[in-house]
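Down below is the structure, laid out as structure tokens.
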Amino acid sequence: MIFCIVGPTASHKSELAERIAIEFNAIVINFDAFQVYKEMNLGTAKPSEDFLNNHDNYFMYNFRSIKDPYNVFLYQKDARKLLEQYKNENIVLVGGTGLYLKALLYDYRFEEEEKMPEDYLENYTSEELYQLLLKIDKDDALKIGPNNLKRLKRSIYISEIHNKTKTEINNNLKDSLLYENVCFVGICPPREELYESINSRVDIMFENGLKEEAKSLLSINGVNQALHAIGYKEFSFGLDDEETKELIKKNTRNYAKRQLTFFRHQFKDVTRFEDLDEAFLYAKSRY
RNA sequence: GGCCCGAUAGCUCAGCAGGUAGAGCGGAGGACUGAAAAUCCUUAUGUCCCCGGUUCGAUCCCGGGUUGGGCCA
């Protein structure tokens with residue numbers, strides 16, 4: 001059985017994962033884009049180093065350096081290998097990056113390709129790129145819209161290196177789940193409770209030395225990825241500690257909302273619970 | 001006690017020769033196939049402090065309150 005635990009940040013997914021793992025003697029595979037990096041700890045709310053050192057059934061944590069950025073393509077490859085390797089055992093998937101989970105379990109296809117250069121099409125305005133993509137792949141252009149620079153570039157890049165448009169590549173694919181015996185368990189606390197939980201978790205991160213960890217991470221050269229991580233990037237804005245803390249809380253709240261939207265719409269067969277115990281009982285009942 | 005300034009969206013504030021109001025922030029909803037903790041889209045709300053008066057019509061003008069701040073005693 002593959003248990004997937006989905007829910008926003010700070011909803012105690014890890015705790016549920018651990019309980020299920022103990023109950024069914026399962027391995028745990030992380031699907032969180034930032035918990036894979038060994039240099040990031042406090043800000044990512046990952047299980048402690050001690051805990052991970054003492055549990056050899058936890059995978060996809062701390063195995064990558066921030067200097068060597070990871071992405072969905074690599075994640076899909078690595079995590080699918082694990083699913084194959086442990087296919088006769090119980091597995092718990094837990095994390096917060098919806099795209100990673102979706103790419104792992106569903107028919108998402110990626111091909112080997114050269115990394116898109118940092119300066120790819122950098123001299124074009126988004127309006128110009130939009131006009132360009134309208135000619136190459138109208139459907140995708142309309143879907144992306146004229147303002148999403150990142151996606152416009154990516155779509156143009158795909159058509160350039162694969163000789164097929166993004167729409168052509170994706171149209172052949174159905175939105176189908178590739179694995180059997182998958183049980184989706186959603187945790188979805190009331191909004192107010194979730195936000196309180198986020199706020200107090202950020203306070204605790206600060207008490208535990210988030211500032212120091214962030215500063216040391218940001219001092220490493222070429223850590224672009226970290227510049228995008230909530231709980232780290234905010235320290236480079238020149239704000240005082242209190243402002244930084246409040247901004248991290250806000251960004252985390254906004255992030256949690258985006259996660260809720262993604263999980264709600266991208267995963268159809270999720271049974272949701274406000275309460276952790278009920279979620280656990282449900283998982284047991286489905287076994 | 002006297003004088004002055006303010007009171008408008010959840011917050012900070014703008015506005016109006018009198019024709020029932022708008023920005024930013026926050027909030028809410030949404031998209032999502034190689035940065036996804038990223039990137040992008042959409043959107044709501046108001047006894048314009050209260051009570052009277054003038055007026056066809058008052059958030060705006062007048063009078064009286066309430067309340068916050070400042071100055072003087």
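Just so we're on the same page: letters track the sequence lines, and every chain starts at 1.
- When the options A/D78, A/N30, A/L82 are evaluated for a side-chain contact (heavy atoms from CB on, under 4.5 Å) with A/F59, the one that passes is A/L82.
- The pairing partner recorded for B/rU42 is B/rA28, the criterion being a Watson-Crick or G-U wobble arrangement whose two distances lie under 3.5 angstrom.
- If you check every strand for non-hydrogen atoms under 4.0 Å, A/K166 touches sugar and phosphate atoms only.
- What separates NZ of A/K257 from P of B/rA31 is a distance of 11 Å, to the nearest Å.
- At the phosphate of B/rA38, OP1 or OP2 sits under 4.0 Å from a side-chain N or O atom of A/R258.
- For A/Y100 and B/rA36, the shortest distance from a side-chain N or O to OP1 or OP2 is below 4.0 Å.
- Between A/R264 and B/rG30 there is a side-chain N or O to OP1 or OP2 distance below 4.0 Å.
- Pairing for B/rC71 goes to B/rG2, judged as Watson-Crick or G-U wobble with the two contacts each under 3.5 Å.
- The same atom, P, is picked in B/rG70 and in B/rG10; the two are 26 Å apart, to the nearest Å.
- Protein atom CG of A/N71 is 17 Å distant from nucleotide atom P of B/rU39, rounded to whole Å.
- As rounded to whole Å, 12 Å separates atom C1' of B/rA35 from atom CG of A/N148.
- Ring geometry for A/Y61 against A/Y58 counts as tilted: the plane angle lies between 30° and 60°, on a 0 to 90° scale.
- Among the atoms of the strands shown, only primed sugar atoms or phosphate atoms (P, OP1, OP2) are found under 4.0 Å from some heavy atom of A/A33.
- The pair A/K115-A/E118 counts as a salt bridge, with a side-chain nitrogen and a carboxylate oxygen less than 4.0 angstrom apart.
- For A/T261, a side-chain nitrogen or oxygen approaches OP1 or OP2 of B/rG30 to under 4.0 Å.
- Across B/rG1 and B/rG24, the matching C1' atoms stand 41 Å from one another, rounded to whole Å.
- No salt bridge links A/D137 with A/K166; every basic N to acidic carboxylate O contact stays at or beyond 4.0 Å.
- Within 4.0 Å (heavy atoms only), A/E113 reaches at least one base atom of the nucleic acid.
- The CD1 atom of A/I27 lies 6.5 Å from the CD atom of A/E89; values are rounded to the nearest 0.5 Å.
- Relative to the ring axis of A/F235, A/K211 does not place its NZ or CZ within 45° and under 6.0 Å from the centre.
- Nucleic acid contact for A/N251: none, since no nucleic acid atom lies under 4.0 Å from a heavy atom of the residue.
- Residue contacts for A/G43: at a heavy-atom cut-off of 4.0 Å it reaches a base atom on one of the strands shown.
- Using a 4.0 Å heavy-atom distance criterion, A/Q259 is classed as making no nucleic acid contact.
- Rounded to whole Å, the separation between the P atoms of B/rG19 and B/rU66 comes to 30 Å.
- Atom pair A/E243:CD and B/rG26:P shows a separation of 14 Å (rounding to whole Å applied).
- When heavy atoms are screened at a 4.0 angstrom cut-off, A/Y232 is found touching no nucleic acid atom at all.
- Summary of the strand contacts: A/I230 and A/L260 both lie near RNA chain B, and taking for each the nucleotide with the nearest heavy atom, the more 5' one is attributed to A/L260.
- Two rings, from A/F3 and A/F24, have their centers less than 6.0 Å apart.
- Using a 4.0 Å heavy-atom criterion, one finds that A/Y195 contacts the sugar-phosphate atoms exclusively.
- The P atoms of B/rU8 and B/rC13 are separated by 9 Å, rounded to the nearest whole Å.
- For B/rC61, the paired nucleotide is B/rG53, the pair qualifying as Watson-Crick or G-U wobble because both relevant distances are below 3.5 Å.
- Atom NZ of A/K250 and atom P of B/rC25 are 9 Å apart (whole Å).
- The distance from atom CG of A/L149 to atom C1' of B/rC32 is 16 Å, rounded to the nearest whole Å.
- Between A/K268 atom NZ and B/rC32 atom C1' the separation is 12 Å, expressed in whole Å.
- Salt-bridge formation is not detected for the pair A/K38/A/D68: no Lys NZ or Arg NE/NH1/NH2 atom is positioned less than 4.0 Å from an Asp or Glu carboxylate oxygen.
- Taking atom P in both B/rG52 and B/rU59, one finds a spacing of 13 Å when rounded to whole Å.
- Contact check, A/Q76 against B/rU33: no side-chain N or O comes under 4.0 Å of OP1 or OP2.
- Across every strand in view, B/rA23 sits in a pair with B/rU12 that passes the Watson-Crick or G-U test at under 3.5 angstrom.
- Taking side-chain N and O atoms only, A/H265 has a distance below 4.0 Å to OP1 or OP2 of B/rG30.
- For A/Y255, a side-chain nitrogen or oxygen approaches OP1 or OP2 of B/rA37 to under 4.0 Å.
- A distance of about 15 Å separates the C1' atoms of B/rA21 and B/rA44, rounded to the whole Å.
- Summary of the strand contacts: A/G145 and A/G231 both lie near RNA chain B, and taking for each the nucleotide with the nearest heavy atom, the more 5' one is attributed to A/G231.
- At whole-Å resolution of the value, NZ in A/K153 and P in B/rC32 are 22 Å apart.
- A/Y70 does not carry A/R64 over the face of its six-membered ring by the limits of under 6.0 Å from the centre and within 45° of the normal.
- Residue contacts for A/N170: at a heavy-atom cut-off of 4.0 Å it reaches a base atom on one of the strands shown.
- A salt bridge between A/D203 and A/K249 is present, with a side-chain N of the basic residue lying under 4.0 Å from a carboxylate O of the acidic one.
- To the nearest whole angstrom, the two P atoms, one in B/rA58 and one in B/rA14, are 25 Å apart.
- Counting any heavy atom pair closer than 4.0 Å across all strands shown, A/K115 reaches no nucleic acid atom.
- Among the protein residues, A/T44 comes within range of the nucleic acid bases, having at least one heavy atom under 4.0 Å from a base atom.
- In this structure, B/rA36 makes no Watson-Crick or G-U wobble pair, since no nucleotide meets both defining distances under 3.5 angstrom.
- Among the heavy atoms of the strands, none lies under 4.0 Å from A/I169.
- OP1 or OP2 of B/rA28 sits under 4.0 Å from a side-chain N or O of A/R191.
- Side-chain atoms of A/R151 stay outside donor-acceptor range of the base of B/rA35, with no qualifying N/O pair under 3.5 Å.
- Pair check for B/rU66 finds B/rA7; Watson-Crick or G-U wobble, both atom distances under 3.5 Å.
- The partner of B/rU47 cannot be assigned: no Watson-Crick or G-U wobble pair with both contacts below 3.5 Å exists in any strand.
- Nucleic acid contact class of A/N254 (heavy atoms, under 4.0 Å, all strands): sugar-phosphate only.
- Using P as the reference atom, B/rU42 and B/rG46 are 23 Å apart when rounded to the nearest Å.
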